[in-house]
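See structure below.
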Number of protein chains: 2
Amino acid sequence: MPSRETCWKKGFSLTTIYDIAKRAGVSSATVSKVLNGYPDVNRETRARVEAITQELGYKQNAVARGLATKRSMTIGVFFRDHANSGLRHPFFADVLASFKDVIGVAGYDLLFFANNAPDNVHSGYEDRARHRNVDGLLLLGVWRTDPGLEAISRSSIPCLSVDLDLLGPRASYLVSDNVDGAKKAVDYLVQCGHTRIAFVGDRFSTKPGHDRLVGYQQGLEHNGLLFRHEWVLDGDFTEEGGRFAMERMLELPDLPTAIFFAGDMMAIGGMELLKQRGYVIPEDFSIIGFDDIVMSSHLSPALTTIRQKRGEMGTRAAQELLELIHKPGKPPSGVVVDVELVARETVRIVCADSSSSLASSDFFEKSGQACDVDAVEQVCVTHSAEE
Amino acid sequence: MPSRETCWKKGFSLTTIYDIAKRAGVSSATVSKVLNGYPDVNRETRARVEAITQELGYKQNAVARGLATKRSMTIGVFFRDHANSGLRHPFFADVLASFKDVIGVAGYDLLFFANNAPDNVHSGYEDRARHRNVDGLLLLGVWRTDPGLEAISRSSIPCLSVDLDLLGPRASYLVSDNVDGAKKAVDYLVQCGHTRIAFVGDRFSTKPGHDRLVGYQQGLEHNGLLFRHEWVLDGDFTEEGGRFAMERMLELPDLPTAIFFAGDMMAIGGMELLKQRGYVIPEDFSIIGFDDIVMSSHLSPALTTIRQKRGEMGTRAAQELLELIHKPGKPPSGVVVDVELVARETVRIVCADSSSSLASSDFFEKSGQACDVDAVEQVCVTHSAEE
DNA sequence: ACGCCGTCAGAAACCGCTTTCGATAAACAT
DNA sequence: ATGTTTATCGAAAGCGGTTTCTGACGGCGT
């Protein structure tokens, strides 16, 4: 047996299972068995080994273990940081926080891919995941247009993406019920008496952006309202985008009375511009957002919005990913968590008439305007391309 | 030579350096040398190996490499999550984001300690760092009172803490210039004509809380103002804490005209309460915060505050940590980044007199009231204990 | 021809831990 | 007494790399 007593890292000695083994007069295999709770070791031996483990303050080396077992007990995290939408984004930070909590009690640590060394920049998700030997992957803030998605969805690495409906043999996803949320927003506006409702979305590179648009459209239809493509603008999910969209909206000859922003940051930008131009909310324009970021409740007027349950999203995401990891058989189906409207102060109540008979108002028109999803998207893309 | 051709993890085969070696007709040692840029390998051999590496789509296994080299190219991150002050906190999320960017181009990934499995809960920082074999450590949101600090500061693991002046052979820190920031706040209030300035801080378990109090006290002294301990309250760095402190403050017989909150969230809580009670800001009370979180500029009135340069903090933290890692010799000294006042709308200008002759006002009193740091802290601790 | 040196490869010993599988001995059954 | 379990343990072969050290080989000076 080679002498394996100590190892050095920058002048520091680690205690290994060999140290324990020697001291206990057993083999390293036995120590390993004790440490991992295998049954085939004598009561007394076990006790002795455990005592010595304590005494020596032994800590397992996760790297060596990972090499031997091919499980690292880490979850890799890709957190795309484009345009403020990364770690900085209060939304993702929150879901990540609760994700971390539940994945943590399952014994996992999180590995954030940050490495952008020149030779690594263009490695795909899968390569980098395998490089670090992570047991699962969490994708946050990745765009639908990301070219690496296809590959990772087909790979055998358990992978959960949020805000992106990635499905595969070991890939699942978590989203809010964005379509429903958008419908709720429109319904609420309609209930408050609005019929002229505009939409500000993103550049359609995100799943939520897409779905909220769809929901908006469905909400309109459901309430018998006409879809007007000039009332659909691109806001890029940023404050500046929202501000800019609002600016453009004001140039329209025919103005809406309410604007549904597909994200709170955009709504904030829009409101800012409105105030700046001397309009008052909600008297001149009603605003409704989506997300319910913390800031929303602190604005004045406080923003009416659709709340995504961030804590629950993180928890459910973690649970789903753990299933993906531990139950290889079960075909994943994605999880969607519901949203809720939180009514605050940015929507003006136009008429007290809350009977849903509004649906049969004069605005009802089944026009030639195409209303199916893809057509809607077409319109929008064209529209945003104009710019 | 044993047959080492492939490895399986859940049904997937990895290509190893042995595969490359065989294909290239060389030994694994040579492949390793090529991959690591050692000079003692022939031009042609190198080319051949590189070609095959490409062809086979080989990706190095960081775990195996880590075991062999004792360097993992990961930075461990402890992110304490007490009372909203963790990942959820917009402040830390921001510095972390820019930290990640620069540490990333140096080739490192980030390892977030999340593992809270029952047998792991009470392991110290050092144990967990060694367990994962991280090359360095970043401590965020850790309290001064944390019992594990002492140990990690003495250890040989490069460790950088933010908002906490931890120093040791391989331990350094990064803080904002909190004392100066607080003085700036007080100076500004004084310049605006205020002389009755209160302070709301945290429970003094944090370094910034402590330093801002010191700065407040120094600012007072510098401007010849009397330190009144009843005007120093505990706000816990949370919104609720700020609200509660404000509530208590209003019960005072003798009210200040301006309140300096040591954190924006507390200021927000305080303002909320004030509005609720029918006061108007800044007419009735002037408010100044500390941090400049994104929300601050969106409030109305927009919060005047001391800005911490979060991006710069992250960058500098990363640089400092990289030095700690790569230059074992250099004794660390900590880095402090400056702050700036951003004047917005929550401070009322009482008199236009901006001559600093205010310093010689009637309020000047070198009273028996002890003014050195520790005494100040005493007062506060006592005060918060009352509660 | 001889010794020396620089270049290039590879054998082999790790790194610290897991896991299979066979050995041993005691306990049990026949 | 003999064959069979059962409980307990350890040797050894990995996991996928790195790194030292030895050696082969060709060229070169003398």
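If you're wondering where the values come from, they're calculated on a predicted model, not measured in any experiment. First the proteins, then the strands, lettered A, B, ... as listed; each starts at 1.
- Summarising the geometry, the separation between CD1 on Ile17(A) and P on dC17(C) is reported as 5 Å, rounded to the nearest angstrom.
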Got a list of side-chain donor-acceptor pairs under 3.5 Å for residues 28-35 of chain B, not counting sequence neighbours?
unit_1   : atom_1 : unit_2   : atom_2 : d
Thr30(B) : OG1    : Ser27(B) : OG     : 3.4
Ser32(B) : OG     : Asn36(B) : ND2    : 3.4
Lys33(B) : NZ     : Asp40(B) : OD2    : 3.4

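- Atom NZ of Lys70(A) and atom C1' of dT18(C) are 12 Å apart (whole Å).
- The line from NZ of Lys100(B) to CD1 of Ile75(B) is 14.5 Å long, rounded to the nearest 0.5 Å.
- Residues satisfying the side chain to side chain contact (heavy atoms under 4.5 Å, CB included) criterion with Ala51(A), sequence neighbours excluded, are absent altogether.
- Note: CD (Glu44(A)) to P (dT8(D)) measures 10 Å, nearest angstrom.
- Between Arg130(B) and Glu126(B), at least one side-chain nitrogen of the basic residue sits less than 4.0 Å from a carboxylate oxygen of the acidic one, meeting the salt-bridge criterion.
- Contact annotation for Val26(B): backbone-only contact, meaning every heavy-atom pair under 4.0 Å involves sugar-phosphate atoms and none involves a base.
- When the P atom of dT18(D) is taken as reference, atom CD1 of Ile20(B) falls 11 Å away, rounded to whole Å.
- Residue Ser27(A) has no polar side-chain atom (N or O) positioned under 4.0 Å from OP1 or OP2 of dA11(D).
- Of the listed nucleotides (dT8(D), dA9(C), dC17(C)), dC17(C) has the atom at the smallest distance from the side chain of Arg65(A).
- If you take CG of Asn42(A) and P of dT6(D), they are 18 Å apart, rounded to a whole angstrom.
- The separation between Arg71(B) atom CZ and dG17(D) atom P is 16 Å, rounded to whole Å.
- Interatomic distance, OG1 of Thr74(B) versus CG of Asn133(B), reported as 7.0 Å (0.5 Å rounding).
- Listed candidates were dT18(C), dT19(D), dA9(C). Nearest to the side chain of Thr69(B) is dT19(D).
- Checked against side chain to side chain contact (heavy atoms under 4.5 Å, CB included), Ser153(B) has the following partners two or more places apart in sequence or in another chain: Leu166(B).
- Using cut-offs of 30° and 60° for the angle between ring planes, the Phe113(B) and Phe78(B) rings count as parallel.
- The aromatic rings of Phe79(A) and Phe112(A) sit tilted, their planes meeting at an angle between 30° and 60°.
- Scanning residues 52-64 of chain A for heavy-atom distances under 4.0 Å to DNA chain D yields an empty list.
- What separates CG of Asn133(A) from P of dC17(C) is a distance of 17 Å, to the nearest Å.
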Polar atom pairs between nucleotides 20-27 of chain D and protein, under 3.5 Å, N or O only, would you list them?
none

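- Within 4.0 Å of Ser32(A), counting heavy atoms only, lies at least one base atom of the nucleic acid.
- Between Leu67(B) atom CG and dA13(C) atom P the separation is 17 Å, expressed in whole Å.
- Sorted by first and then second residue, the salt bridge (Lys or Arg N to Asp or Glu O under 4.0 Å) pairs involving residues 49-62 of chain B (not counting sequence neighbours) are Arg23(B)-Glu55(B).
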